[in-house]
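Read the structure below first, then the notes.
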Amino acid sequence: MKTQQNHTPKYWLMKSEPDVFGIDHLKKDKTTWWEGVRNYLARNYMMNEMHVGDQILFYHSNAKPSGIAGLAVVSHNAEPDQLQFNKKSASFEKRATREKPVWFCVQVAFQHKFKNFISLEEIKQDPQCSNMLVIRKGQRLSIQPVSEKDFLYLKKKGL
DNA sequence: GCCAACGTTGGC
DNA sequence: GCCAACGTTGGC
């Protein structure tokens, strides 16, 4: 009989605007459903590749300064994004039905706020981080895969 | 506030 | 299926 293959933990970077929902909001709320993502690649990551236990660099975008503010963890696998059913929401999706949702999101739980906030500038300057997607010009994707090496390095640096 | 980069929409 | 127009993201 075939044994089910265990999911190997993965590492991600997730962007959020701190004015809207930053690391302090997550700390206060403990968990949040990552609603409102309306990009197919980001959706596919959440739907197909992110699993409970995956670790997350929580990134502040559109901030002064932008950068990594802390750590979070996937606390629930993807479920339909409820905002797509809400006519009053900016994230309403007219193509979606309860039977056939279009958008999905994972639930994320707070872990740590970094003692040492790591600014985008610092990541750019650091030769250790030269492969990271977040430093690439024009990289707007709000959910990005991160290598284990980069994750562990930044975790150690930030905590 | 500017604007480069990129995703989406819609006419054809 | 192409691609121009438009909208959004997000650094600066």
Side-chain angles (χ1 to χ4, degrees), chain A residues 10-29 31-50 54-74 78-147 149-151 153-155 157-159:
Chain A
K10 286 184 188 162
Y11 305 92
W12 306 93
L13 178 147
M14 296 176 90
K15 297 182 187 172
S16 188
E17 302 193 19
D19 292 346
V20 181
F21 192 90
I23 192 77
D24 291 326
H25 295 96
L26 185 61
K27 185 175 184 179
K28 182 165 163 282
D29 293 355
T31 66
T32 189
W33 287 95
W34 207 260
E35 292 175 317
V37 172
R38 295 294 178 268
N39 170 284
Y40 284 103
L41 186 49
R43 179 201 68 172
N44 293 343
Y45 282 145
M46 289 200 282
M47 216 166 65
N48 304 324
E49 301 200 37
M50 295 176 76
D54 282 11
Q55 296 186 267
I56 299 160
L57 300 170
F58 193 107
Y59 181 88
H60 282 174
S61 60
N62 249 322
K64 294 174 188 172
S66 293
I68 301 166
L71 300 177
V73 62
V74 176
E79 294 285 347
D81 180 336
Q82 294 303 305
L83 292 181
Q84 73 194 301
F85 307 122
N86 181 353
K87 279 207 174 82
K88 287 177 185 157
S89 169
S91 301
F92 176 69
E93 174 59 69
K94 61 174 190 252
R95 295 171 297 164
T97 63
R98 296 273 172 188
E99 295 70 35
K100 275 206 141 194
V102 178
W103 302 108
F104 288 78
C105 58
V106 295
Q107 189 196 60
V108 163
F110 176 79
Q111 282 209 307
H112 298 287
K113 180 176 177 174
F114 274 172
K115 262 207 301 277
N116 309 304
F117 178 88
I118 304 171
S119 70
L120 178 60
E121 190 51 39
E122 204 177 336
I123 300 168
K124 282 180 175 170
Q125 303 287 342
D126 193 334
Q128 290 257 45
C129 301
S130 60
N131 290 321
M132 291 194 73
L133 294 173
V134 74
I135 61 172
R136 290 209 200 148
K137 195 178 175 186
Q139 180 53 268
R140 304 186 314 180
L141 192 61
S142 64
I143 299 176
Q144 305 177 354
V146 171
S147 73
K149 169 181 146 298
D150 288 338
F151 178 86
Y153 175 74
L154 291 169
K155 176 179 178 177
K157 196 165 178 177
L159 280 179

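Chain A is the first sequence line, chain B the second, and so forth, proteins listed ahead of strands; every chain is numbered from 1.
- With DNA chain B read from its 5' end, the first of the two nearest nucleotides for A/Arg95 and A/Lys137 is the one closest to A/Lys137.
- Remark: nothing in residues 85-93 of chain A comes within less than 4.0 Å of DNA chain C through any heavy atom.
- Distance check: A/Leu26 CG to A/Thr31 OG1 gives 8.0 Å after rounding to the nearest 0.5 Å.
- Minimum heavy-atom separation, A/Phe58 to A/Ile23: CE2-N, 3.5 Å.
- Taking 4.5 Å as the limit, every side-chain heavy atom of A/Ser91 sits out of range of all side-chain heavy atoms of A/Asn86.
- Taking the six-membered ring where the residue is Trp, A/Phe21 and A/His25 present parallel rings, their angle staying beneath 30° rather than reaching 60°.
- Within the 4.0 angstrom heavy-atom criterion, only backbone atoms of the sugar-phosphate kind lie near A/Lys124; the bases stay farther away.
- Put simply, chain A comes within 4.0 Å of DNA chain B, heavy atom to any atom, from B/dA4 to B/dT8, going 5' to 3'.
- Here A/Met14 contributes atom CE and A/Tyr59 contributes atom OH; the two are 15.0 Å apart, rounded to the nearest 0.5 Å.
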### Query
Are A/Trp33 and A/Glu79 close enough, and set up right, to give a side-chain hydrogen bond (donor to acceptor under 3.5 Å, both in side chains), and what steps lead you there?
CA-CA 9 Å; A/Trp33 287 95; A/Glu79 294 285 347; over 6 Å; no

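- Judged by closest nucleotide on DNA chain B, A/Asn62 is the one of A/Gly138 and A/Asn62 placed further toward the 5' end.
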### Query
Please walk me through it: do A/Lys15 and A/Gln144 pass side chain to side chain contact (heavy atoms under 4.5 Å, CB included)?
CA-CA 9 Å; A/Lys15 297 182 187 172; A/Gln144 305 177 354; 3.7 Å; yes

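- The nearest pair of heavy atoms linking A/Phe85 to A/Ala96 is CE2-CB, 4.2 Å.
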